[in-house]
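Since the structure comes first, as structure tokens, the remarks are kept for the end.
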Number of protein chains: 2
Amino acid sequence: MTDRLDGSVRLEDVAKLAGVSLATASRALNGSTRRVRDDLRERVLDAAIALQYTANAHAQAVARGRSDVVGLLVHDIGDPFFSSIAAGVIQAADREGLLVTLASTGRDPARELQFVRALRGQRARAVIIAGSRVDEPAQMAQLAREVASYRAGGGRVAMISQNRLPVDTVMLENRASGKALAKALVGLGHRRFAVLAGPAELFTARDRLDGFRQGLTGAGVSLPARHIIRSDFTRDGGYEALQQVLDADLDVTCVVAVNDVMAVGAMAALRARGLRCPADLAVAGFDDIVTLRDVTPSLTTVRFPLEEMGSTALSLVVGAEGVRPRLHAVEGQVMIRESTPSLG
Amino acid sequence: MTDRLDGSVRLEDVAKLAGVSLATASRALNGSTRRVRDDLRERVLDAAIALQYTANAHAQAVARGRSDVVGLLVHDIGDPFFSSIAAGVIQAADREGLLVTLASTGRDPARELQFVRALRGQRARAVIIAGSRVDEPAQMAQLAREVASYRAGGGRVAMISQNRLPVDTVMLENRASGKALAKALVGLGHRRFAVLAGPAELFTARDRLDGFRQGLTGAGVSLPARHIIRSDFTRDGGYEALQQVLDADLDVTCVVAVNDVMAVGAMAALRARGLRCPADLAVAGFDDIVTLRDVTPSLTTVRFPLEEMGSTALSLVVGAEGVRPRLHAVEGQVMIRESTPSLG
DNA sequence: CTGTTAGCGCCTTCAG
DNA sequence: CTGAAGGCGCTAACAG
């Protein structure tokens with residue numbers, strides 16, 4: 001019962017109790033390629049259990065030169081979009097025996113930088129950066145630099161969002177999905193739209209809008225500039241944007257928000273004004289957030305397999321490194337539901 | 001440009017470039033109490049930047065005997081209840097300069113054990129265990145043992161849920177909140193209830209039910225045993241339980257689910273049967289999940305400040321250790337909304 | 001198959 | 001204030 005000040009038991013204690021050398025104890029306990037005679041192994045294992053021994057992962061990391069943690073960066077873990085992705089990452093990491101350390105950047109690119117640096121300090125085996133990039137070249141350049149030096153140290157990187165850095169990435173087909181949504185809505189008979197477009201600098205928001213507009217154009221439908229409302233990428237952003245739509249008295253039959261939480265905010269704003277969805281206005285979103293599948297009327301959206309995207313990102317980052325960055329494109333699936341009825 | 005195989009820069013490289021000793025470089029870079037002459041410090045800092053040096057956190061951890069990570073255990077990070085708590089923990093950890101490694105146990109007590117063990121291996125400074133305990137003495141005993149040996153090694157522990165282990169805990173006042181909800185609903189004129197009670201072994205579910213029942217009793221209202229429906233603690237559990245209520249043809253005016261996601265599932269089941277809430281049946285839940293605040297009709301619930309609970313737990317675990325476990329009780333706040341109209 | 005012995009990268013007394 | 005040297009706990013050659 002070696003009781004050191006910090007109370008933790010060292011491998012040496014185990015070895016001593018088992019009457020073997022440090023090396024043998026190490027080999028018996030922590031997966032080595034080398035074999036240990038059965039009776040010795042047995043004694044070591046027993047000693048370890050008796051002492052409640054747990055290897056010091058830090059010491060192992062410095063000795064082995066690598067660690068078993070991967071970092072995950074998200075914009076906001078409280079946002080269901082990211083918590084679903086996190087669930088996928090964690091589940092996959094678990095299967096690989098990896099621990100994930102999670103950082104929530106609060107959508108601040110500076111904190112993002114700071115965290116990949118911290119993760120580099122942790123010698124994390126890999127880092128996964130989830131969430132839309134922002135159109136600010138200076139920040140992208142800084143991130144690229146930090147990522148490069150992390151990779152130079154042997155770290156692996158994957159991104160979930162846009163394909164804008166030369167690393168493995170799980171890319172959302174935002175443009176294509178916007179286009180598909182437009183076609184579907186036009187197919188339902190809608191012709192006059194407004195878009196709650198989110199921040200102009202956010203690529204995800206922008207791509208969805210661009211795709212949507214392109215889809216409309218392809219169908220011979222136009223989207224006036226004043227029908228594009230900017231606001232935050234959040235529930236409250238959707239709420240405010242819809243108020244603007246109403247206040248500007250835009251003559252539309254359908255409003256599409258660039259994500260589900262905005263769409264739900266928009267629906268709330270409608271109700272607050274005494275209007276009803278879809279009777280007075282149809283609403284659609286993107287993502288198919290699980291928790292939102294039971295809102296009424298049920299929300300038309302473009303589904304992305306968020307959890308799966310998380311586990312895909314992890315697999316990208318544990319597998320053998322490719323010669324060139326791999327790109328895993330994920331298509332969205334249009335889900336027509338009650339919030340956008342046919343205008344037939 | 002000392003280019004070692006693993007590409008990472010060591011403190012020695014920085015020292016060499018700055019023309020100082022290892023010790024001086026260490027003191028200049030990583031917060032030491034000792035001061036370094038300004039010009040030398042300057043040179044070291046410059047060298048560090050030039051080389052993109054980042055201290056190896058593992059080496060620091062083994063040298064210092066402590067690390068800067070805290071572990072967070074949740075049942076399911078995809079569940080908004082836990083992602084809100086996680087958001088609070090992470091935000092508070094961030095303020096303390098701590099990194100959070102997150103484990104999602106999938107509600108499996110065995111994995112929970114395994115993770116606190118892993119976190120012990122990481123020499124995590126603290127671990128926060130969130131989520132209801134289960135009434136299985138054997139498992140509680142094992143967890144208690146693992147926790148004890150983690151604490152013996154100097155680790156700090158906090159729990160978010162019940163006060164059932166001798167550690168700092170953020171305790172939800174589930175009984176009291178159930179009672180308060182009962183009183184409020186009775187005050188609205190309801191007398192005949194059914195409870196979607198979740199699993200019997202889950203303390204959170206059980207305490208909410210018990211409190212609710214107690215509140216009814218205090219108001220002279222009874223709750224027949226067959227009005228208590230067991231099911232999973234999930235959206236689907238709520239859905240199925242409500243079907244049972246309907247199939248059993250229970251004559252009730254109000255159904256209360258032991259959490260919000262179950263309540264939403266119940267509302268969905270109602271709609272699926274062509275019934276309406278609250279016209280045909282009132283529904284209430286617990287938690288006040290953010291994402292669910294825009295469902296219609298808006299859901300009566302008992303609000304718990306989830307994020308705040310997360311940050312409280314973190315603060316418990318970083319502050320000075322108390323002589324005895326501290327208990328931080330959190331009261332729920334009854335929020336009457338549209339789903340439970342007055343029967344006046 | 002086992003034990004001895006260098007490291008891994010950093011911190012921190014201990015001399016100077 | 002600075003530098004040399006030992007130690008943190010573990011792994012991985014290297015001998016035996």
Side-chain angles (χ1 to χ4, degrees), chain A residues 2 4-44 47-48 51-68 120-125 153-154, chain B residues 2-44 47-48 51-68 120-124 153-154:
Chain A
T2 317
R4 314 189 65 258
L5 187 63
D6 82 345
S8 65
V9 180
R10 293 155 309 162
L11 185 57
E12 187 186 340
D13 302 323
V14 176
K16 212 166 278 175
L17 181 64
V20 300
S21 76
L22 240 171
T24 300
S26 171
R27 296 196 267 254
L29 286 172
N30 310 314
S32 158
T33 43
R34 324 223 351 204
R35 283 263 289 275
V36 174
R37 212 197 325 150
D38 283 356
D39 58 327
L40 286 190
R41 158 195 297 297
E42 201 80 7
R43 266 167 38 205
V44 172
L51 296 175
Q52 298 244 58
Y53 172 75
T54 305
N56 182 324
H58 296 296
Q60 290 187 143
V62 32
R64 297 208 252 244
R66 64 193 174 70
S67 84
D68 286 333
R120 180 149 73 94
Q122 298 288 331
R123 298 300 184 266
R125 182 181 298 195
Chain B
T2 317
D3 241 315
R4 314 189 63 260
L5 188 63
D6 82 346
S8 67
V9 180
R10 292 155 309 160
L11 185 56
E12 186 187 340
D13 302 323
V14 175
K16 210 166 280 174
L17 182 63
V20 300
S21 75
L22 240 168
T24 302
S26 171
R27 295 196 266 253
L29 286 173
N30 309 315
S32 159
T33 42
R34 318 212 7 195
R35 283 262 290 274
V36 173
R37 212 196 325 148
D38 283 355
D39 58 326
L40 286 192
R41 157 195 298 296
E42 200 80 9
R43 274 180 15 219
V44 172
L51 295 176
Q52 300 243 58
Y53 171 75
T54 306
N56 182 325
H58 295 297
Q60 290 187 145
V62 33
R64 300 209 250 241
R66 64 193 175 71
S67 84
D68 288 331
R120 181 149 72 94
Q122 299 288 331
R123 298 301 183 266

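Order of the sequence lines fixes the chain letters, A, B, ..., with proteins taken first and strands second; residue numbering starts at 1 for each chain.
- Within 4.0 Å of A61(A), counting heavy atoms only, lies no atom of the nucleic acid at all.
- The side chain of A55(A) has dC10(D) as its nearest neighbour among dA4(D), dC10(C), dC10(D).
- Considering only side-chain N and O atoms, T24(B) lies nowhere under 4.0 angstrom from the phosphate OP1 or OP2 of dT2(D).
- Distances shown here put a side-chain N or O of R37(A) below 4.0 Å from the OP1 or OP2 atom of dT2(C).
- The interatomic distance linking L11(B) (CG) with dC8(C) (P) rounds to 14 Å, in whole Å.
- Distances from the side chain of S21(B) to the nucleotides dA4(D), dG3(C), dG9(C) place dA4(D) closest.
- A close approach under 4.0 Å does occur between a side-chain nitrogen or oxygen of Y53(B) and OP1 or OP2 of dC10(C).
- For dT11(D), the OP1/OP2 oxygens have a side-chain nitrogen or oxygen of Q60(A) closer than 4.0 Å.
- Among all heavy-atom pairs drawn from A57(B) and Q122(A), the shortest one is CB-NE2, 3.6 Å.
- Atom CZ in R41(B) sits about 14 Å away from atom P in dG3(D), given to the nearest Å.
- On a pure distance criterion of 3.5 Å, a polar donor-acceptor pair joins the side chain of R27(A) and the base of dG3(C).
- Residue A63(B) places its side chain closer to dG9(C) than to any other of dT11(D), dT2(C), dG9(C).
- Of the two residues near DNA chain D, G19(B) and V62(B), the one whose nearest nucleotide lies more 5' is G19(B).
- Counting to the nearest Å, the P atom of dC10(C) and the CG atom of D13(B) are 8 Å from each other.
- The pair R10(A)-D13(A) counts as a salt bridge, with a side-chain nitrogen and a carboxylate oxygen less than 4.0 angstrom apart.
- Of all heavy-atom pairs between V20(A) and A25(A), the closest is CG2-N, 4.1 Å.
- Between the P atom of dG9(D) and the CG atom of N56(A) lies a distance of 7 Å, rounded to the nearest Å.
- If A23(B) and A59(B) are placed on DNA chain C by their nearest nucleotide, the residue sitting closer to the 5' end is A59(B).
- Remark: P of dG3(D) and NZ of K16(B) are 14 Å apart, rounded to the nearest angstrom.
- Counting all heavy atoms, side chain and backbone alike, A48(B) lies closest to V14(B) at N-CG1, 3.8 Å.
- Between dC10(C) and S26(B), no contact under 4.0 Å exists linking OP1 or OP2 to a side-chain N or O.
- Rounded to a whole Å, the NE2 atom of H58(B) is 17 Å from the P atom of dC8(C).
- The closest donor-acceptor contact from the side chain of S67(A) to the backbone of A61(A) lies at 3.5 Å or more, if one exists at all.
- Distance R66(A) CZ to dG9(C) P: 15 Å, rounded to the nearest Å.
- For the pair L22(A) CG and dA6(C) P, the interatomic distance rounds to 14 Å; values are reported in whole Å.
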